[in-house]
Amino acid sequence: QVQLVESGGGSVQSGGSLKLSCTVSEWPYNTYVMGWYRQAPGQERERVAYIDAGGSTAYGDSVKGRFTISQDNAKKTLYLQMNQLKAEDTAMYYCVADTTYSWWLLLHQGAVARFRGQGTQVTVSS
């Protein structure tokens, strides 16, 4: 049973930084596309970043240049370093994992990843 557990959320002032972590219990597949999306109250889900098994990454337009996704395979952990945080970054952040890019490409159309964590809240005060 694949389980994703996020941590590292919290409250920070505008301009500050936070680092989210997502630990994966196991991964029985030979490929993956893992990443983060976020959702603020009353807002649509917004893609944040992904990293695939080849190490390729991609970012949502609103976080490019400020957020960095990385992984530690030995620790089975995914990270999201968030710098220069803004009030509009306030949201629940979800770690997701799948074997395809569908969740990233079709998030705005309601696509869901095969696995998702419970989420971690990030609040940025201005």
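Note that the structure is predicted; figures quoted are calculated from it, not measured. No hydrogens, no waters, no symmetry mates; every other heavy atom, side chains included, goes into these values. One is the number of the first residue; the rest follow in order along the sequence.
Nearest heavy atoms, Leu4 versus Val24: CD2-CG2, 3.6 Å. Asn83 and Ser17 get closest at one heavy-atom pair: OD1-OG, 2.9 Å. Ala87 approaches Ser126 most closely through the heavy-atom pair CB-CB, 4.3 Å.
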Distance-only donor-acceptor pairs under 3.5 Å for side chains of residues 109-123, two or more places apart:
from	atom 1	to	atom 2	distance (Å)
Arg114	NH1	Tyr29	OH	3.4
Arg116	NH1	Tyr37	OH	3.4
Thr120	OG1	Gly9	N	3.1
Gln121	NE2	Ala91	O	3.4
Gln121	NE2	Thr123	OG1	3.4

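With contacts defined as side-chain heavy-atom distances shorter than 4.5 Å, the pair Pro28/Val2 qualifies. Asn73 is listed as a side-chain neighbour of Gln71, based on a closest heavy-atom distance under 4.5 Å.
Residues satisfying the side-chain contact (heavy atoms from CB on, under 4.5 Å) criterion with Val12, sequence neighbours excluded, are Leu18, Leu85, Val124. In this view, Thr77 and Ser21, Thr23, Lys75, Tyr79 satisfy the side-chain contact (heavy atoms from CB on, under 4.5 Å) rule, not counting sequence neighbours. In this structure Glu46 satisfies the salt bridge (charged side-chain N to carboxylate O under 4.0 Å, His left out) test together with Arg38, sequence neighbours excluded. With sequence neighbours excluded, the residues that form a side-chain contact (heavy atoms from CB on, under 4.5 Å) with Ala58 are Tyr50, Trp104. Residues passing the side-chain contact (heavy atoms from CB on, under 4.5 Å) test with Gln84, sequence neighbours excluded: Arg66.
Rounded to the nearest 0.5 Å, atoms OG (Ser62) and CG (Asp89) are 7.0 Å apart.
Side-chain heavy atoms closer than 4.5 Å link hydrophobic residues (I, L, V, M, F, W, Y) into clusters, and following such links, possibly through other members, connects Tyr93 to Leu78. No continuous path of ILVMFWY side-chain contacts below 4.5 Å connects Tyr32 to Leu105, so the two sit in separate hydrophobic clusters. Note: the hydrophobic cluster containing Val33 also contains Leu106 (ILVMFWY, side chain heavy atoms under 4.5 Å, direct or indirect links). Residues Met92 and Phe67 do not share a hydrophobic cluster, clusters being chains of Ile/Leu/Val/Met/Phe/Trp/Tyr side chains in contact below 4.5 Å. Residue Val63 is not grouped with residue Val96 when hydrophobic side chains (ILVMFWY) are merged at heavy-atom distances under 4.5 angstrom, including chains of intermediate members.
Looking at Asp52, its side chain does come within 3.5 Å of a backbone N or O of Gly55 through a donor-acceptor pair. A side-chain donor-acceptor contact under 3.5 Å links Tyr59 to the backbone of Ile69.
When the shell of 6.0 Å around CG of Asn30 is examined, it contains 12 or fewer heavy atoms from other residues, nucleotides or ligands. Heavy atoms from other residues, nucleotides or ligands lying under 6.0 Å from CD of Glu26 number more than 12.
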